[in-house]
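Structure first, then comments.
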2 protein chains.
Amino acid sequence: MSLNKTITIKDVATKANVSVGTVSRVLNNAKNINPDNIKRVNEAVKDLGYRKCSAAQLLGSKKNHSKIRTGNIGFVFAELTSVWQGHPHLEHYSKAVEKACREHGCHAIIEWADNTKQGELPTCVLEGKVDGVIVMGTNVDYSKYGNLPLVGISKTSAEIQCVVPDDRSAGRTVAEYLWNKGHRRISYMCNSSSNMMFISRFHGYKEFLEQMQSFDPDLVKMYNEHIQFDQPQTSFPDMTLPLKELLDLPESKRPTAIITANDWTAAGLYAAFRQQEVSVAEQISVVGFDNLEALCCSLFPALTSYAIPFKQVAYTAAQKLFAQLENPPDENISSTELIKGKIVERESVRTIKS
Amino acid sequence: MSLNKTITIKDVATKANVSVGTVSRVLNNAKNINPDNIKRVNEAVKDLGYRKCSAAQLLGSKKNHSKIRTGNIGFVFAELTSVWQGHPHLEHYSKAVEKACREHGCHAIIEWADNTKQGELPTCVLEGKVDGVIVMGTNVDYSKYGNLPLVGISKTSAEIQCVVPDDRSAGRTVAEYLWNKGHRRISYMCNSSSNMMFISRFHGYKEFLEQMQSFDPDLVKMYNEHIQFDQPQTSFPDMTLPLKELLDLPESKRPTAIITANDWTAAGLYAAFRQQEVSVAEQISVVGFDNLEALCCSLFPALTSYAIPFKQVAYTAAQKLFAQLENPPDENISSTELIKGKIVERESVRTIKS
DNA sequence: CTGAAAGCGCTTACAG
DNA sequence: CTGAAAGCGCTTACAG
């Protein structure tokens, strides 16, 4: 008999012999309702198998300032195509966003750069599928997004809310860590001098060593390898040359520790070490960044690395986005939040006794 | 100036100097519209930064019985909460679905069981966010979904389209593989006799051995450990007892190879072996199912395993769902497609020369 | 080809 | 404590 007709709040009201207003109030747990009505409404809901239509609910509550329309937020990898999907730190990002969404009764739409035309907005935005976005990318033009609620997680900007890893502090922390282990000649190596994160880490490192009056430009090896962002790296960078330059330094200047801009570079360095028959930790200590578990542990000796707080960054970003969506506009001032991580100690650093 | 007021279709209409109806028609690419109006509407949309409210759109189109076109498909883990997120084979599923979506210019909404009330539909369905769903779960009641386009990927049903791994063939293939390596007494071990996949694998195994007139019930060790689906397993099953029963068999009946219902069980078996000082491969060969790369390779000797074709299953399922959405209804007959995987050889199987 | 208008299912002042 | 009613932003017959 069921004509498959949708059961609405009206049907419930009729059956419970109250007005739709009352049903709505019961459904939303309002205060001060006749217990008798509550009971009858709940019974009617059950009998009828009523389920609310959230589209209508959203619409109805539009009168207040909530900007939630779709109940979806977008997580966009603005510069990376989906060939990167599955890379550990990126997974951390998207999982943290999905978690926050679950907690807010929303859904996440993950979008890679695959279908985005040069200079265009991601399609989930163009198609109006999301109420706001979290954008990852170091070169994003945020202004493009107009007044869409937005949080950036890798490029900072004074215009919008950002949550980014504190790379400068990370660089500083690692340098200080090595210093405290007795190292005095600490090198920094980097294979992409145009990478903002790598630069920030370098600045933190430099800052600390300058403070200790131990910064030595000869120990900095930054060169610029062209990194393809539309293709994940499949091989470690070749660090033979920069390593050789360091080893060719006079004994008294040669570093006792090397900080690499990330774990991948460290892995490349390990290979160069093997070639030069230098043993890690014993002869030269190494610390990386990212703390890619599988990579760090597969190296021998296992690589000590600074864990960039990917999850926290994305989770915090999502919280801020929801705040933008749920709070009155004037409560949302643009701001940049820097999130610190921590060093995960493994076996690649030796303590130097003085 | 802008009081941050939401820009609606009405604003666009005013600016473009047409009615809201016309704006709506332009936005939905209706036929027969004055090109001039199209142009003005599009300009107004752009100038105003208008974005449609999909909640309102859904509500508005409620009147007809046509299918809602959100451009999203749902991938629902009907019985698993998000604590399972990140497990390798599940990731394969969702990634393959996302890939198919990208190819169709759509988006995927992944939903875990966290927010689903007992017996209810997933919220992405309740909220009308998706045009169809792919459902994973061995106990799903598909009828609940009404006439929503649907593909099942773990429980088969005559009513709907399904794409599932061919577990029976997998069991058969592994038994045959061992047979061809010279094994004649092949055991099957399983720690959850209520798991449909495990049963199917068993049936395939049994079928082959019966055909070879070598099926021996004493070599089958199936017991039923209660498996919590709301919590991923954190420890391997304890296989000490069933192994002991096998080892206590008279020499002439003792198996030379054991098939375990999955890789986790194999890992538990390895532990039991160590305790009993039996060496894998050398004394007893082992083959698992799932081919969990990290697990198989971390065992010693590395575990040979049947790779369940997770990716293909999910990808094929997504294709079928899109076919349902894009083709006339009568072209979509319910059917079940079984997908075969293959054995990935490592070091846990010895060849027996006769 | 287009406008005016009804209606989708809810929420929420407002007036008792 | 509750009902009547306006309104959320769209879609879609309907009548030109």
Closest non-hydrogen atom pair, A:Ser154 against A:Gly137:
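Shortest heavy-atom separation between A:Ser154 and A:Gly137 comes out as OG-N, 2.7 Å.
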
Atom pair distance, as rounded to whole Å: [atom1] in [X] and [atom2] in [N]:
| X | N | atom1 | atom2 | result |
| --- | --- | --- | --- | --- |
| A:Lys39 | D:dC1 | NZ | P | 17 Å |
| A:Asp11 | C:dC10 | CG | C1' | 13 Å |
| B:Asn32 | C:dG3 | CG | P | 15 Å |
| B:Ile7 | D:dC10 | CD1 | P | 11 Å |
| A:Tyr50 | C:dG9 | OH | P | 10 Å |
| B:Lys10 | D:dC10 | NZ | P | 11 Å |

Mind checking side-chain hydrogen bond (donor to acceptor under 3.5 Å, both in side chains) for [X] and listing every partner two or more places apart, or none if nothing turns up?
| X | result |
| --- | --- |
| B:Thr116 | none |
| B:Glu91 | none |
| B:Asp114 | B:Ser82 |

Have a look at A:Tyr315 and tell me which of A:Gln319, A:Lys311, A:Gln312 forms a side chain to side chain donor-acceptor pair (under 3.5 Å) with it.
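Result: among A:Gln319, A:Lys311, A:Gln312, A:Gln319 is the only option passing the side chain to side chain donor-acceptor pair (under 3.5 Å) with A:Tyr315.
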
Of the nucleotides D:dT11, C:dC1, C:dG9, which one has an atom closest to the side chain of B:Ile9?
D:dT11

As a test of reading the structure: which of C:dC1, C:dA5, C:dC10 is closest to the side chain of B:Val20, going by heavy atoms?
C:dA5

Within the structure, does a side-chain N or O atom of A:Ser19 lie under 4.0 Å from either OP1 or OP2 of D:dG3?
yes

Any residue of residues 21-30 of chain A with a heavy atom less than 4.0 Å from an atom of DNA chain C
A:Gly21, A:Ser24, A:Arg25, A:Asn28

Can you check whether B:Pro149's main-chain N or O pairs, donor with acceptor, with B:Gln324's side chain at less than 3.5 Å?
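Absent.
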
Under a cut-off of 3.5 Å for both distances of each Watson-Crick or G-U pair, what dot-bracket string does DNA chain D give, using [ ] for crossing pairs and | for inter-strand pairs?
|||.||||||||.|||

Would you say B:Pro122 and B:Tyr145 make side-chain contact, with heavy atoms under 4.5 Å?
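Contact flag for B:Pro122/B:Tyr145 side chains = yes.
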
Contact between A:Glu337 and A:Lys320 at the side-chain level, heavy atoms closer than 4.5 Å - yes or no?
yes

For residues 137-163 of chain A, which residue pairs qualify under salt bridge (Lys or Arg N to Asp or Glu O under 4.0 Å), counting only residues two or more places apart or in two chains?
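Qualifying pairs: none.
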
When the C1' atoms of D:dG16 and D:dT12 are compared, how many Å lie between them, rounded to an integer?
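About 16 Å, rounded to a whole number of Å.
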
